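Worksheet: one structure, shown below.
These numbers come from a predicted model, not from an experiment. Each chain gets a letter, A, B and so on, in the order the sequences are listed, and its residues count up from 1.
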Amino acid sequence: MADLLTRPFSWLNLLYISLAAVIMLGIVLFFVTYAIYFERKVIGWIQIRYGPNRVGPKGLLQTVADVFKLLIKEDIIPEKADKALFRIGPMLAYLPAFAVIAVIPYSEKIQFADVNVGILYYAALSSITITGILLGGWASNNKYAIMGGMRSVAQMISYEVPLIMSFLGIVIMTGSLNLIDIVEAQKDSTWFIFPQIIGFITFLIAGNAELNRTPFDLPEAENELVAGYFVEYSGFRFAFYYLTEYVYVFAMASLMTVLFLGGWDAPFGLDFIPGIIWFILKFMLLVFYLFWVRATFPRVKTNQLMGFAWKVLIPVALFNVLLTAVLKILNVY
Amino acid sequence: MFTKKRGEINVWGKGLLQGLGLTFRYLKEPKVTIQYPDEEYVLPNRFRGIQYLDPEKCIVCNQCARICPTNSITLSGKPNPDPEKKGRVLDTYEINFEICILCDLCTEVCPTEAIKMTNKFELASYSRDNLLKDKKWLENNNTNVREANH
Amino acid sequence: MELRTEEMLLNIGPQHPSTHGVFRVVVKVDGEKIVEATPVVGYLHRGTEKIAESLTYTQIIPYTDRLDYLSSMLNNYALVQAVEELMNIEVPERAEYLRVIVMELSRLASHFVWWGTAVLDLGATTPFIFAFRDRELILDLLNEISGARMTFNYMRVGGVKWDAPEGWLEKVRDFIPYMRKKLKEYHQLVTGNEIFLARVKNLAVYDGETAIKYGLSGPNLRGSNVKFDIRKNQPYSIYDRFEFEIPVGENGDVFDRYMVRMKEMEQSLKIIEQAVDQIPEGEIQAKLPRVLRVPEGEVYTRMETSKGELGIHLVSKGKDKPYRLHFRRPSFINLQIFSDLLVGNTMADLPAILGAIDIVLGEVDA
Ligand code: SF4
Ligand code: SF4
């Protein structure tokens with residue numbers, strides 16, 4: 001499938017490419033719909049409630065109804081807002097979120113683009129989203145929104161550093177930035193979660209912060225900032241911000257599966273189950289983890305968050321890089 | 001005074017893990033939600049819902065209207081149509097549920113238990129006018145009436 | 001290079017998720033730091049004190065339900081206590097015991113709401129639901145005895161409205177071990193959590209002297225290591241018969257106030273346990289004339305609610321209605337220190353500090 005891009009240009013190929021993108025969008029939207037449903041269910045169960053259970057059988061259509069409601073809502077742009085930026089904000093936040101999905105290999109065959117610098121592409125594109133969030137916060141001309149936007153920029157920039165550093169260990173081990181190579185390398189040896197346990201933990205924490213989810217959901221801290229950067233947004237623009245958040249959950253969980261959990265690699269030699277199922281299982285585990293944490297922890301404070309990133313996570317991640325490099329030279333790997 | 005127990009090791013992150021363990025355990029705990037409109041919410045007999053009125057018993061003594069802290073009861077009597085009997089009978093009786101705070105004082109003072117509490121509490125309505133309940137409505141509100149006022 | 005910054009005026013409330021009602025605070029922020037804060041209260045003012053002047057004493061009781069609506073039983077008691085003091089009424093034993101049981105249950109319910117919301121303000125959602133689950137059990141118990149879930153109107157001058165229904169005391173007794181187990185879970189979920197600790201330790205510290213100067217009472221005072229609880233220092237009702245401790249904090253930070261309340265819940269359970277064991281049979285209402293005429297005089301009575309000292313200043317001119325009735329509302333007075341605590345802290349601390357003060361707007365605005 002990935003060779004589509006390298007074939008000579010023809011209208012048919014363009015059609016295939018667009019079709020593949022649309023299918024992927026469908027899958028992602030489906031995921032987001034049910035991730036939200038699943039999240040509400042999990043949190044509900046933890047909180048001894050049922051979670052959504054009224055719209056559709058077992059509440060399965062709840063998110064559909066919610067999204068439908070958002071779409072038919074009146075489109076409100078505050079009078080004092082910067083209209084152009086206000087419109088661009090959600091789009092700018094969403095586009096990179098969808099674009100990063102292209103490089104993630106889901107199984108041997110299912111991948112959209114085999115980019116040589118896969119992780120780098122991911123890291124680079126995902127930072128563009130920050131601009132969208134800051135724009136939204138700034139353009140709303142609301143004090144809560146601007147505070148939320150600023151918090152989010154500070155947070156995302158700080159956490160990008162440990163995030164990237166924590167997968168540097170893997171890059172050193174495999175000598176490649178290509179995600180498929182990384183999975184293949186794990187097939188040959190073991191999943192990188194074991195040799196790279198420090199990297200995995202830092203990635204888990206930094207990834208959580210990067211996703212703006214509890215306990216790092218400061219930009220939208222309900223109890224301080226009401227809703228943070230999207231406080232003025234409603235209707236489908238709000239839906240876009242919301243979607244962005246969950247698409248990133250999708251992307252981040254996929255990336256983590258690929259980097260640390262061996263992608264589609266079957267454990268214990270259980271090869272007869274197709275790789276894609278393994279991928280989905282591991283992926284779900286990580287997504288569940290995110291929801292579980294959300295139901296358990298309180299939120300950290302801005303200064304603690306920054307202090308934690310610069311004083312704890314980055315040194316630890318750096319140490320991990322160093323350790324990996326030394327072990328590599330000593331030929332342990 | 002909030003000292004730790006002796007021998008308790010305190011590693012950073014222990015509390016976090018404890019919390020995670022607890023919430024994980026709760027995943028399969030039975031749910032406490034009552035599916036309200038489908039499932040009936042059972043209220044104890046003493047519950048103070050909307051009043052039931054028995055106009056036959058009322059002796060128009062006006063005590064309920066006087067005790068009401070929000071003045072939500074208005075009532076009037078007329079001479080007994082049966083000339084043989086003395087006393088007055090109830091003519092009109094209205095409770096304004098916009099302001100009634102369901103405090104139970106009216107039922108407490110009523111000497112004949114003409115007015116009693118019921119377990120009905122669903123008063124939601126689209127218009128404020130619907131909240132003014134008259135004698136007839138109160139008389140028909142005769143399900144789940146409280147057994148004793150005192 | 002000097003960065004040019006500007007202070008920003010931020011209006012938090014009256015509609016804001018963490019102001020617990022309709023409380024408004026205008027803060028001047030420098031980035032995230034708060035440099036000035038002005039609380040604005042009064043959005044829920046109903047003039048209870050003035051209304052009370054035109055009501056008979058029995059009619060005022062339902063109004064006290066609506067002051068601190070999270071612990072109405074305690075407010076009920078405050079009023080009847082004042083009237084009984086002025087009229088010199090001997091309340092039957094059983095009534096006193098019932099009062100203590102429902103009051104302590106009410107205190108627990110109020111502390112549950114505080115625990116749930118204070119931690120919710122820090123961003124954790126699950127504790128809130130847990131607290132409400134347990135509060136629900138208390139409300140069911142109180143519903144059974146008084147006929148209402150929040151606005152009980154249960155106490156009467158000289159006694160209580162109802163005797164405990166059959167089996168009620170057993171239910172209360174069963175509730176105690178259940179709650180002890182749940183309190184452990186509360187600690188497991190929140191108290192040890194490192195994120196929580198990092199947020200509340202050494203936050204908004206004041207010492208006992210400052211607390212007294214501000215007139216603080218209740219856990220806000222005890223958190224700063226002042227051992228003052230009216231139930232012990234000036235026992236009312238029959239509190240001198242029970243064995244319980246007064247937990248105090250050491251440093252006077254948000255965490256100590258948190259811990260004081262958590263320990264207080266345990267003590268409340270202990271009191272209920274003793275009361276349920278000791279309760280005698282007998283009358284629940286003293287013999288009183290139908291119309292209560294309080295002799296001319298003036299009285300100030302006080303009691304310990306879940307928020308602090310609830311005092312009642314009652315002036316009577318010998319009529320069936322009070323000449324003047326004043327409530328010393330602990331929430332209102334505890335709130336006075338709020339703006340001073342905010343200065344120098346960040347926006348994220350605002351809900352934490354407000355949560356630790358534990359206000360109820362119904363009582364603040366009266
Ligand atoms: S319940 Fe209270 S407020 Fe309602 S009518 Fe009776 S006395 Fe008046
Ligand atoms: S107190 Fe009872 S008897 Fe008297 S007027 Fe009211 S309802 Fe009738």
Side-chain angles (χ1 to χ4, degrees), chain B residues 1-5 8 10-27 29-34 41-49 63 65-72 99-109 111 116-119 121 146-150, chain C residues 51-52 54-56 58-63 65-66 124 126-127 129-130 132-134 136-137 140-141 143-149 151-154 156 161-163 165 168 184-197 225 245 247-250 255-256 259-260 262-263 285 290:
Chain B
M1 85 174 279
F2 315 123
T3 41
K4 289 186 212 80
K5 279 182 231 117
E8 202 177 72
N10 225 2
V11 200
W12 196 94
K14 190 178 158 222
L16 298 179
L17 292 180
Q18 253 179 12
L20 282 175
L22 183 81
T23 44
F24 193 77
R25 200 148 50 73
Y26 262 95
L27 268 176
E29 208 87 340
K31 314 286 170 263
V32 294
T33 318
I34 295 173
Y41 187 69
V42 188
L43 288 158
N45 187 256
R46 286 181 186 178
F47 185 73
R48 313 202 296 258
Q63 286 201 50
R66 237 177 304 138
I67 194 84
C68 179
T70 56
N71 291 331
S72 29
I99 51 177
C100 166
I101 54 178
L102 296 170
C103 66
D104 205 8
L105 289 179
C106 49
T107 57
E108 193 173 311
V109 294
K116 281 181 170 185
M117 285 294 182
T118 70
N119 274 4
F121 60 92
R146 185 150 88 191
E147 278 143 30
N149 265 352
H150 303 284
Chain C
I51 294 174
S54 56
L55 296 174
T56 65
T58 322
Q59 287 176 327
I60 300 172
I61 298 171
Y63 276 87
D65 282 338
R66 286 149 179 90
T126 306
I129 309 270
F130 283 9
F132 268 64
R133 169 197 63 193
D134 298 331
E136 198 63 23
L137 297 175
D140 281 348
L141 284 174
N143 190 359
E144 221 169 297
I145 196 170
S146 74
R149 287 162 49 83
T151 48
F152 307 114
N153 187 18
Y154 177 61
R156 293 286 180 273
K161 180 173 162 64
W162 306 87
D163 199 347
W168 189 79
K184 279 207 191 88
E185 281 182 4
Y186 285 17
H187 284 298
Q188 228 179 56
L189 186 60
V190 176
T191 313
N193 191 306
E194 276 81 2
I195 298 174
F196 171 76
L197 290 177
N225 208 356
E245 274 151 39
V248 288
E250 279 161 359
F255 178 71
D256 278 1
M259 259 342 246
V260 164
M262 294 304 277
K263 301 252 157 181
Q285 175 74 42
R290 273 190 72 89

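- C:Thr56 contributes atom OG1, which lies 8.0 Å from atom CG of B:Leu105 (distance to the nearest 0.5 angstrom).
- A donor-acceptor pair under 3.5 Å is absent between the side-chain atoms of C:Arg133 and the main chain of B:Thr33, judged by distance alone.
- Among all heavy-atom pairs drawn from C:Asn153 and B:Cys103, the shortest one is ND2-O, 2.6 Å.
- Heavy atoms from other residues, nucleotides or ligands lying under 6.0 Å from NZ of C:Lys184 number 12 at most.
- The side-chain hydrogen bond (donor to acceptor under 3.5 Å, both in side chains) test applied to C:Glu144 returns C:Lys171, not counting sequence neighbours.
- Only the side chain of B:Arg25 has a heavy atom closer than 4.5 Å to any heavy atom of chain C.
- At a 4.5 Å heavy-atom cutoff, the contact between C:Phe130 and chain B is made by side-chain atoms alone.
- Considering all non-hydrogen atoms of both residues, C:Trp162 and B:Arg46 come closest at CB-NH1, 3.1 Å.
- Of the atoms belonging to C:Leu55, it is side-chain heavy atoms, and not backbone ones, that fall under 4.5 Å from chain B.
- Note that CD of C:Gln188 and CG of B:Leu20 are 11.0 Å apart. Values are rounded to the nearest 0.5 Å.
- No side-chain donor-acceptor contact under 3.5 Å links C:Glu185 to the backbone of B:Leu22.
- Residue B:Phe121: no heavy atom, backbone or side chain, is found under 4.5 Å from chain C.
- For chain B, the option among C:Gly192, C:Pro62, C:Pro165 with the highest count of heavy-atom pairs below 4.5 Å is C:Pro165.
- Neither the backbone nor the side chain of C:Ser54 comes within less than 4.5 Å of any heavy atom in chain B.
- With a threshold of 4.5 angstrom between heavy atoms, C:Asp140 approaches chain B through side-chain atoms but not through N, CA, C or O.
- Heavy atoms of C:Leu197 lying under 4.5 Å from chain B are absent altogether.
- Expressed to the nearest 0.5 Å, how far CZ of C:Phe152 lies from CG of B:Asp104 amounts to 13.5 Å.
- Neither the backbone nor the side chain of B:Leu102 has a heavy atom closer than 4.5 Å to any heavy atom of chain C.
- Judged as a side-chain hydrogen bond (donor to acceptor under 3.5 Å, both in side chains), and not counting sequence neighbours, the contacts of C:Tyr186 are C:Asp134.
- Taking both residues in full, the closest heavy atoms of B:Arg48 and C:Ala148 are given as NH2-CB, 3.5 Å, listed atom of the first, atom of the second, then distance.
- Atom CD1 of B:Ile101 and atom CZ of C:Arg66 lie 4.0 Å apart (nearest 0.5 Å).
- A distance of 9.0 Å separates OH of B:Tyr26 from CG of C:Leu189, quoted to the nearest 0.5 Å.
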